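In this chain, numbering begins with 1 at the start of the sequence shown. These numbers come from a predicted model, not from an experiment. As the structure lists them, so they are numbered: ligands from 1, and atoms in each ligand from 1.
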Amino acid sequence: MKAYGVNELRKMYLDFFESKDHLKMNSFSLVPQNDKSLLLINSGMAPLKPYFTGQEIPPRNRITTCQKCIRTGDIENVGKTARHGTFFEMLGNFSFGDYFKTEAIHWSWEFLTEVVGLEANRLYPSVYLDDDEAFDIWNKEIGIPAENIFRFGKEDNFWEHGAGPCGPCSEIYYDRGEKYGCKKPDCTVGCECDRYIEVWNNVFTQFEGDGNGNYTELSNKNIDTGMGLERLATVVQDVDSIFDVDTIKALRDKVCEVAGVAYKKDAKIDVSIRLITDHIRSVTFMISDGIIPSNEGRGYVLRRLLRRAARHGRLLGIKDRFLATLSTTVIKESKDGYPELEEKKDYILKLLTIEEDNFNKTIDQGLTILSELEDTMVKDGTKTLSGEDAFKLYDTYGFPLDLTKEILEEKGFKVDEEGFQKAMKVQRETARSARAVTNYMGTDETVYQQLDPVLTSAFVGYDKVSHSSKIMALTTESEVTEELIAGQSGTIFTEETPFYATSGGQAADTGIITTVDAEFEVEDTIKLQGGKIGHVGKVTRGLFKLSEKVNLSIDVNRRLATGKNHSATHLLQKALRLVLGSHVEQAGSLVTNERLRFDFTHFSALTKEEIQRVEEIVNAEIAEALPVHTDIMTIEEAKKTGAMALFGEKYGDNVRVVSMGGFSKELCGGTHVSNTGNILVFKIVSETGVAAGVRRIEALTAVGVFAYYNELEKELNLAAKAAKTEPVNLTKKIEAFQEEIKALLSENEKLKNKLAKDALGDVMNQVTEVKGVKLLAAKVPDVDMNGLRNLGDQLKDKLGDGVVILASAMADKVNLIAMATDTAMAKGAHAGNLIKELAVLVGGGGGGRPNMAQAGGKNPAGIDAVVEKAPKTLENQLK
Ligand code: ATP
Ligand code: MG
């Protein structure tokens, strides 16, 4: 047998099934589309769900793919088993109501034994317990001896996912020989060790399950198979593990080189090497599909994998940043099958670098927190770090549990792992409940799922604003119907339509649908599975019937305004790349008739100068009056022209390329101006951050800009009027105001001080002496607490030595302070205690330090009593 390479095997498989009339399709993005039940694509079948349920018509009844997959559930296995990665590629062949068990089994056998050349007597199939049909095919048709076919139960050999299509499986195991075995006497197919390795799983989707163990036979039976490409390569190349196959070994070697360590010298080091090798593949592919590190969902998975890799790099003794270097090797080894890696290279490397730098920062913060926690443990005399604290380190500082454990173990501490898991579970459950699973498809149930999946609409609106066509379906808000009558809300589907449905960030057209006797107001246009375009709105007059011919007219002004904003978005994207660099990628957009919003990857706020540069470039291209052209071509041709495409977007065979002179070329299905001159003018009105590494620009064009400036001008005129001047003099006037205010404030301050002093009159007359301590107890009108304190300080200075007690009524409240100098305190005076006793007289309470205390009260009538009783109270304190 020839030891085929990974890239060769991928091609052999796809070619083989193409020769069996399968349509070869590219891998779908790792990000599920319209599927809320799944965080990341984890099998070849996952992105094909709508074909399995019949909600969409597949382009052919037989499809074959090599799908990139992420399985976070396998994260604990990675590095420890020979066969698990968090990232892997799954080869698959699929039948939608076409061929079934016989062909599926025969072809998988033919591929493994004849195309690849695996030894037949090393292959062991398994079937579901009572799937005699599959058993007989293996036994009687292929000729596998009965004792070499294993029957497994539901857990292993029945594929089921809640309610929906499900069915028995037949797996194929390969015996890699004794040297890989666990040597236990009962080691055989199904053993957890690495001798018998599952390479292929054929799922026979033949039932519809209700989720409660009741099954009905499907009329359209499907085939869904999955074979790990890396696993196939492992057995074909007869190597130890998926980490030894050609492409991955190249990466593994690079890891060793960067870390300066050797593989297969130390088992613990090997785990770290394999782990980094795997995780860097996952993160590279995830980033290339537009996932951005964050603290939730997919972004969190990315962050976790990335940090885990970075940490194991430290364990191997790597000091500097290293992830981007390794990612370069991933890109080199896999760009054959995944050209998007090369296309997004700049961006991938930049993002990796920034995220790794960030982690290097939190790791130090986390270490500080951890050492503080150690101190507390020592103080409390405990040896175990609480689960919550360990989880906090994990959650906030990105510390994996094993890192925390390792550090603590060195110092004789443990971690409450159970508590950690509990905290983790609570968080997971919160995350899960936030991700409501609705049905098998992971979409919300809507009336549109009752529509016939063969229905599809053609969009004819690129060069038409009105058109006549036949109604092919009607729905009310809750059901499919044959008629819609005045007053009813619902959706009209026609065979052809000039209405643009919301997609690619461009907002929908609105308008009207009419017959001679009836009118329907289109409030929104939506695109549904299977290419159906729905006109959502309300019948305002008459009756609409199925199969009737209608006239469809869009709101032309709205369409034109939207087109200006959309075309400007293209110019903007190109300008951003010119000003900021080629790492700029579109991360989202929203184009309406009123404004445009463009989200893009960039790692810091734009400066004023950058924003200005971008605006200048866009306006220059508008002034150039570039003609706008659209061409239909294959995706390969489009990429060759250098057209910009979206992250992980699944494009059909033929794509539409919109070019503006020689300046911008983008894959786009939207509607545009015919010449950039029509945009008139472009203005950025805001630039903000929306997520880590993602910036957002909002901008206006044409009349939108004039409206914006009109609004500003109006505001400016109002401001000038309020300032009793002309707009041109407004700034000077405001500066003059500010000067004036400053002068007034300082004068006010002086006056207030003077007033307080005047109010006091000549209080120094009121100084008495109590047992050799000078006492000034006085009533002053209308001074607040702050004022009293200032006053008290001044009087204390004048007094030189002694005690000051001041009381003042303001409105219905009383403010009271007492102060004592050091000498007075030495003789027994205590301001706090004085206040405590005296405050009672004004209906209040308070206290304070021996040298200074204050209190509030509610009874101004009591102030005289305070002054009167002060000498006696002080006397009682003195020795
Ligand atoms: P295992 O029991 O070995 O984890 P599985 O039952 O989870 O495998 P399936 O869900 O049937 O595997 O996936 C189909 C095929 O995908 C498997 O036969 C295997 O070749 C491959 N595969 C599954 N998980 C991984 C993984 N973590 N890394 C690499 N290949 C995998
Ligand atoms: Mg598994």
Per-atom contacts of ligand 1 with D74, taking only distances under 4.0 Å to non-hydrogen atoms: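 So the atoms of ligand 1 that pass are 24 (N), 26 (C), 27 (N).
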Near V199, which atoms of ligand 1 are under 4.0 Å from a heavy atom of that residue?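 Per the distance check, 18 (O), 20 (O).
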With a cut-off of 6.0 Å (strictly less than), are more than 12 heavy atoms of other residues, nucleotides or ligands near NZ of K20?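 Buried by this count: over 12 neighbours within 6.0 Å.
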Check whether Y300 forms a cation-pi arrangement with R303 (NZ or CZ under 6.0 Å from the six-membered ring centre, at most 45° off the ring normal).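 So R303 doesn't make the cation-pi contact.
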Assess K154 against F158: is NZ or CZ under 6.0 Å from the centre of the six-membered ring, and within 45 degrees of the ring's axis?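 Flagged: K154 positioned over aromatic ring of F158.
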So is [X] polar-close to ligand 1, meaning N/O to N/O under 3.5 Å?
X    : value
M227 : no
E198 : yes
N201 : yes

Residues 133-146 side chain polar contacts: donor-acceptor under 3.5 Å, at least two apart:
{"from": "E133", "atom 1": "OE1", "to": "K101", "atom 2": "NZ", "distance (Å)": "3.1"}
{"from": "W138", "atom 1": "NE1", "to": "S170", "atom 2": "OG", "distance (Å)": "2.8"}
{"from": "N139", "atom 1": "ND2", "to": "I144", "atom 2": "O", "distance (Å)": "2.8"}
{"from": "E141", "atom 1": "OE1", "to": "H106", "atom 2": "NE2", "distance (Å)": "2.7"}

Answer with side chain, backbone, both or neither: which part of [X] has a heavy atom less than 4.0 angstrom from an atom of ligand 1?
X    : answer
H84  : both
M90  : side chain
I242 : neither

I want to confirm something. Looking only at heavy atoms, which of R71, E89, M45, R83 is nearest to atom 29 (C) of ligand 1?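 Nearest heavy atom to atom 29 (C) of ligand 1 lies in R83.
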Of the listed options (C69, G92, G226), which comes nearest to atom 14 (C) of ligand 1 when hydrogens are ignored and any heavy atom counts?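 Considering heavy atoms of C69, G92, G226, the nearest to atom 14 (C) of ligand 1 sits in G226.
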Start with the C-alpha distance between E208 and T216, add both sets of side-chain angles, then the distance that settles side chain to side chain donor-acceptor pair (under 3.5 Å), and finish with yes or no. CA-CA 5 Å; E208 172 80 20; T216 46; over 6 Å; no
List for me each residue that meets side-chain hydrogen bond (donor to acceptor under 3.5 Å, both in side chains) alongside S272, sequence neighbours excluded, and say none if there are none.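 Residues passing side-chain hydrogen bond (donor to acceptor under 3.5 Å, both in side chains) with S272: H312.
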Do Y180 and E178 meet the criterion of a side-chain donor-acceptor pair at a distance under 3.5 Å?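 No pair is found: no donor N or O on one side chain lies under 3.5 Å from an acceptor on the other.
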